[in-house]
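First the structure, in the form of structure tokens, and then the observations on it.
So that the names make sense, note that chain A is the first sequence line, chain B the second, and so on, each numbered from 1.
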Amino acid sequence: MNYWLMKTEPDVFSWDDLVKKKKAPWDGVRNYQARNFMRDQFRLGDQVLFYHSSCAEPGIVGVAEVVREAYPDPTALDPKSDYYDPSSAKAGESRWVMVDVAPVRKFRNLADLSAIRNTKGLQAMPLLQKGQRLSIQPVTAREFKLITETWA
DNA sequence: GCCAACGTTGGC
DNA sequence: GCCAACGTTGGC
């Protein structure tokens, strides 16, 4: 069982959107490191901290779960998609993958970024490191437990 | 809107 | 392979 943190802009795709859809493909990842995590390490049942970024209250909203392992992200081949990738299209094959996730539970309180930063035991999280922009990050079992115990 | 940090691109 | 230019991320 692995633990992850996945960032999303709530204006684009929020926790409530996921709840409404019950299950959704995590498309649009266009970073190799993030892709490789999904492709090589994401397993069914892995637990995901669902993080809202670039918004008024950045933080972890709840826990989601991987319900389908990596498969090709077709938006890379769709010229009308915001996530269109010309070089994938040129190759005739998407070089990007996605997984499907489903909601598990929403936290009672938002685990906001400043609170996470001030919690002993979470300070090593990549999320908090200066200049860290990676949209999919590994989380340790210890960090996951601490976060869910504190905010769930 | 600002801007630091980072990843990618492309000419050489 | 280098590296400057450019685009993006994301907190503030």
Item to check | Pair listing, ring-ring contact (aromatic ring centres under 6.0 Å, His included) test, anchored in residues 21-41 of chain A, at least two apart | outcome: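 Qualifying pairs: W4(A)-F37(A), W26(A)-F50(A), Y32(A)-W96(A).
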Checklist entry - Applying ring-ring contact (aromatic ring centres under 6.0 Å, His included), which residue pairs with at least one partner in residues 106-142 of chain A are found, sequence neighbours left out? => result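 For residues 106-142 of chain A: none.
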Checklist entry - For F13(A), what residues pass the ring-ring contact (aromatic ring centres under 6.0 Å, His included) criterion, not counting sequence neighbours? => result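 Applying ring-ring contact (aromatic ring centres under 6.0 Å, His included) to F13(A) gives none.
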Next on the checklist: The criterion is ring-ring contact (aromatic ring centres under 6.0 Å, His included); which residues satisfy it with F144(A), sequence neighbours excluded?
Outcome noted: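 Y3(A).
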Next on the checklist: Give the dot-bracket line for DNA chain C from 5' end to 3' end: parentheses for intra-strand Watson-Crick or G-U pairs under 3.5 Å, square brackets for crossings, | for inter-strand pairing, dots for unpaired.
Outcome noted: ||||||||||||
Item to check | Flag for S81(A)-D78(A): side-chain donor and acceptor within less than 3.5 Å | outcome: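 Side chains of D78(A) and S81(A): no pair found under 3.5 Å.
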Checklist entry - Taking only residues two or more places apart in sequence or in another chain, which ones pass side-chain contact (heavy atoms from CB on, under 4.5 Å) with S53(A)? => result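 S53(A) satisfies side-chain contact (heavy atoms from CB on, under 4.5 Å) with K7(A), E9(A), Y51(A) only.
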Checklist entry - Who pairs with A115(A) by side-chain contact (heavy atoms from CB on, under 4.5 Å), at least two apart in sequence or on another chain? => result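 Scan of A115(A) (side-chain contact (heavy atoms from CB on, under 4.5 Å), adjacent residues dropped) gives D112(A), W151(A).
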Filtered N/O pairs between nucleotides 1-3 of chain B and protein, under 3.5 Å:
none

Next on the checklist: Restricting to side-chain hydrogen bond (donor to acceptor under 3.5 Å, both in side chains), what partner residues turn up for D16(A), sequence neighbours left out?
Outcome noted: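 Checked D16(A) against side-chain hydrogen bond (donor to acceptor under 3.5 Å, both in side chains); zero matches.
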Just the atom pairs and distances: protein N or O near nucleotides 6-11 of chain B's N or O, under 3.5 Å.
{"from": "dC6(B)", "atom 1": "O2", "to": "R133(A)", "atom 2": "NH1", "distance (Å)": "2.7"}
{"from": "dC6(B)", "atom 1": "O2", "to": "R133(A)", "atom 2": "NH2", "distance (Å)": "2.6"}
{"from": "dG7(B)", "atom 1": "O4'", "to": "R133(A)", "atom 2": "NH2", "distance (Å)": "3.2"}

Next on the checklist: Once salt bridge (Lys or Arg N to Asp or Glu O under 4.0 Å) is applied, what residue pairs with a partner in residues 28-40 of chain A remain, sequence neighbours excluded?
Outcome noted: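 For residues 28-40 of chain A: R30(A)-D73(A).
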Checklist entry - Which residues, ordered by chain and number, are linked to Y84(A) in its hydrophobic cluster, where ILVMFWY side chains connect at heavy-atom gaps below 4.5 Å, directly or through other members? => result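 None, because no other hydrophobic side chain comes under 4.5 Å of this residue.
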